[in-house]
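Please read the structure below before turning to the comments.
For this chain, numbers begin at 1 and follow the sequence in order. In what follows, every heavy atom counts, from backbone to side chain, and hydrogens, waters and symmetry copies are set aside.
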Amino acid sequence: MGKILEITSASVGYDDELILRDVNLVISDFDFVGVIGPNGGGKTTLLKLILGELKPKKGSVEFFKLNPNDTIFGYLPQVVGIDKKFPISVMEVVLSGLLGRKGIGGRYTAQDKRMALDLLNRLGIQSLKDKVIGELSGGQMQRVFLSRALVSHPRLLILDEPNTFVDNKFEKELYELLKELNKEMAIIMVSHDLGTITSHVKTIACVNRHLHYHPSNLITTEQLAAYDCPIQIIAHGPVPHTVLTKH
C-alpha cells in the first residue's frame with residue numbers, strides 16, 4: 001500500500017488571512033477518511049489545498065504517482081455550485097472527467113465512451129445520457145458528476161457533501177457503492193453528518209482552523225471537544241435523535 005498524498009506543516013488562506021494552520025495529513029491507498037467540522041472551520045479550504053486551487057503559504061503538499069499516466073484524484077463537488085444553464089449533455093459531462101489526460105481538443109475514443117456508459121449504467125442513469133444537465137434533478141446530477149469523478153480511474157476519490165440533494169434510496173446506494181469503490185481507491189469525504197459517516201469511513205479528520213486526525217471511525221463528544229470541533233452527533237436508530245451533551 002503506497003502513499004498518494006502527503007500534506008506537511010501546511011498553512012493556507014486567502015490574502016493575509018490564514019484559515020488553516022500547520023496541517024499534517026497522509027492519505028494512502030484504500031484509506032477512507034471522513035472530514036468533519038463546523039461551518040467556517042476550513043473544510044472547503046482543505047479541499048482547495050488538496051485540489052491545487054490554493055497554494056500553501058508555508059509547508060508543502062506532495063502527490064505520489066505509481067506511473068506517469070496515473071490520475072491522482074477524481075472530485076465530486078457540491079451540485080449546488082453547478083451551472084444548470086450550461087448547454088452540455090450528461091455524456092459530455094462524464095467524458096469531461098478525462099480532460100486531464102486528453103487535453104483541450106483531445107478526441108474521445110470508443111473505449112472512453114464505453115467506460116462512461118458503463119458508469120452511467122452502474123449508477124442507473126444510462127437512459128439520461130443525451131439529456132442536458134439543466135433537465136436533471138439534484139440526485140440525478142449527483143450521479144452524473146460521480147460518474148465524471150470516476151471515469152479516469154483515480155487513486156483518490158474526493159467527495160464534498162455527497163449526500164446533499166439526493167433521495168434516501170440513492171443515499172443508501174451511494175454508501176454501498178463507496179464501500180465497493182474503497183476496495184479500488186482511497187476516499188476523502190466531507191460531511192456534516194457524523195452519525196452516518198462513522199458507519200462507513202475508516203478514520204476521521206476534524207477541521208477547525210487546525211486539522212486533528214483521528215485514526216478510527218469511533219469518536220466521542222469528549223474527543224470532539226478536545227479537538228476543538230464543536231459539531232453535533234446525530235445518533236441513528238429506532239428513534240433518531242441529536243446528542244447534545246452526555247449520552
Grouping I, L, V, M, F, W and Y whenever their side-chain heavy atoms are under 4.5 Å apart, do Met141 and Val90 come out in a common cluster? yes
Start with the C-alpha distance between Leu159 and Leu178, add both sets of side-chain angles, then the distance that settles side-chain contact (heavy atoms from CB on, under 4.5 Å), and finish with yes or no. CA-CA 10 Å; Leu159 309 163; Leu178 293 180; 3.7 Å; yes
Heavy atoms of other groups near Lys55 NZ, more than 12 under 6.0 Å: no
Taking all heavy atoms of Asn24 and all of Leu211, pick out the closest pair and write down the distance. O-CD2, 3.8 Å
Salt bridge between Arg107 and Asp112, side-chain N to carboxylate O under 4.0 Å? no
Taking atom CD as the centre, does Gln111 end up with more than 12 heavy-atom neighbours from other residues, nucleotides or ligands that are less than 6.0 angstrom away? no
Can you give me the closest heavy-atom contact between Gly74 and Pro154, atom names plus distance? N-CB, 3.3 Å
Gln78 CD to Gln142 CD distance, which is reported to the nearest 0.5 Å: 8.5 Å
Between Asn182 and Lys202, do the side chains contain an N or O donor and an N or O acceptor separated by less than 3.5 Å? yes
Residue pair Glu176, Lys179: steps toward the salt bridge (charged side-chain N to carboxylate O under 4.0 Å, His left out) verdict: CA-CA 5 Å; Glu176 290 174 352; Lys179 181 178 179 181; over 6 Å; no
When the ring planes of Phe63 and Phe73 are compared, do they come out parallel, tilted or perpendicular, using 30° and 60° as the limits? tilted
How many angstroms lie between NZ in Lys113 and OH in Tyr108, if you round to the nearest 0.5 Å? 10.0 Å
Nearest heavy atoms of Ser96 and Arg148, plus distance in Å: OG-NE, 2.8 Å
For the residue pair Ile19 and Gly42, what are the closest heavy atoms and their distance? CG2-CA, 3.9 Å
Stepwise side-chain contact (heavy atoms from CB on, under 4.5 Å) test for Leu117 and Gln126: CA-CA 6 Å; Leu117 280 173; Gln126 188 172 1; 3.8 Å; yes
Closest non-hydrogen atoms of Leu95 and Ala116, given as atom of the first, atom of the second and distance, are CD2-CB, 4.0 Å
Locate the shortest heavy-atom distance separating Cys229 from Cys206; write the atom from each residue and the value. SG-CB, 3.5 Å
If we only count heavy atoms from C-beta on, is the Asp160 to Leu76 side-chain gap below 4.5 Å? no
Separation of Asp29 CG from Lys3 NZ (nearest 0.5 Å): 12.0 Å
Establish whether Val132 and Val94 are linked, either directly or via other cluster members, by ILVMFWY side-chain heavy-atom contacts under 4.5 Å. no
Does atom CG of Asp15 have more than 12 heavy-atom neighbours from other groups under 6.0 Å away? no
Is any side-chain heavy atom of His153 closer than 4.5 Å to one of Thr71? no
Could you check whether any side-chain N or O of Glu180 sits under 3.5 Å from a backbone N or O of Leu177, counting only pairs where one atom can act as donor and the other as acceptor? no
Shared hydrophobic cluster for Met185 and Leu47 (ILVMFWY, side-chain gaps under 4.5 Å): no
For residues Thr45 and Tyr14, is any side-chain donor paired with an opposing acceptor at under 3.5 Å? yes
Decide yes or no on side-chain contact (heavy atoms from CB on, under 4.5 Å) for Thr198 and Leu218, but give the supporting numbers first. CA-CA 7 Å; Thr198 51; Leu218 302 176; over 6 Å; no
Would you kindly confirm whether Leu150 and Ile158 end up in one hydrophobic cluster when ILVMFWY residues are joined by side chain heavy atoms under 4.5 Å apart? no
Side-chain heavy atoms under 4.5 angstrom apart, residues restricted to Ile, Leu, Val, Met, Phe, Trp, Tyr: same cluster for Leu49 and Ile4? yes
Quick one, Ile188 and Asp31 - any side-chain contact, counting heavy atoms below 4.5 Å? no
Just so I know, are the side chains of Ile125 and Leu136 near enough to count as touching, which here means a heavy-atom distance under 4.5 Å? no
Are Leu156 and Ile187 packed together at the side-chain level, in the sense that at least one heavy-atom pair is separated by less than 4.5 angstrom? no
Do Leu128 and Gln140 come within less than 4.5 Å of each other through their side chains, counting heavy atoms only? yes
Taking atom CG of Asn121 and atom CZ of Arg114, what is their separation to the nearest 0.5 Å? 14.5 Å
Out of the candidates Lys58, Arg209, His210, only one should pair with Asp22 under the side-chain hydrogen bond (donor to acceptor under 3.5 Å, both in side chains) rule; please name it. Lys58
Got Leu123 and Ser147 here, is their nearest side-chain heavy-atom distance under 4.5 Å? yes
Which distance, rounded to the nearest 0.5 Å, do you find between the CD of Glu17 and the NZ of Lys57? 10.0 Å
Please determine whether side-chain contact (heavy atoms from CB on, under 4.5 Å) holds for the pair Lys129 and Glu92, giving the CA-CA distance in whole Å, both sets of side-chain angles, and the decisive distance to 0.1 Å. CA-CA 8 Å; Lys129 66 183 179 67; Glu92 289 170 328; over 6 Å; no
Give a yes or no on whether Lys65 atom NZ has more than 12 heavy-atom contacts from other residues, nucleotides or ligands under 6.0 Å away. yes
For the atom pair CE (Met189) and CD1 (Ile36), what is the distance rounded to the nearest 0.5 Å? 11.0 Å
Hey, are the side chains of Leu5 and Val61 touching, using non-hydrogen atoms and a 4.5 Å cut-off? yes
